[in-house]
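Any value given below was found using the heavy atoms of this structure, including those in side chains, with hydrogens, waters and symmetry copies removed.
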Amino acid sequence: AAGVIAACQAAGGSECTADEVTNENLCIASVADDDTDVVAGGAGVTVEAARIDAIAKAAANGTPIAADSPIVISDCP
């Protein structure tokens, strides 16, 4: 957890937290829809799960993106 907080702070984060049970074991992904110019982020046990989470979060936020929107960037521990 300390590593997650340190990385967040090093990147300029001011409200950094970490879930010691899950955060360090999740992949993250940013997904972009070229038609709507919406970018969303998600997390999951795989990059594909993170992509699906990002699409779901965008829809829940009222800014839906296409199901075939590509991953812009991703990372896994």
Rounded to the nearest 0.5 Å, how far does SG of Cys27 lie from CG of Asp75? 7.5 Å
Residues at least two apart in sequence or cross-chain that pass side chain to side chain donor-acceptor pair (under 3.5 Å) with Asp53, listed by chain then number, are Lys57
Measure across Val38 and Thr63 and return the closest heavy-atom pair with its distance rounded to 0.1 Å. CG1-O, 3.7 Å
Nearest 0.5 Å, what's the OG-CD1 distance between Ser69 and Ile55? 6.0 Å
Provide the closest heavy-atom pair for Asp33 versus Asp35 in the form atom of the first, atom of the second, distance. OD1-N, 2.8 Å
Could you grab the distance from atom OG1 of Thr46 to atom CG of Leu26, nearest 0.5 Å is fine? 10.0 Å
List the atom of Ala29, the atom of Arg51, and the distance in Å for their closest heavy-atom pair. CB-N, 4.1 Å
Please say yes or no: joined through hydrophobic side-chain contacts below 4.5 Å, possibly via intermediate residues, are Ile52 and Ile65 part of one cluster? no
Could you check whether any side-chain heavy atom of Val47 comes within less than 4.5 Å of a side-chain heavy atom of Ile71, counting everything from C-beta outward? yes
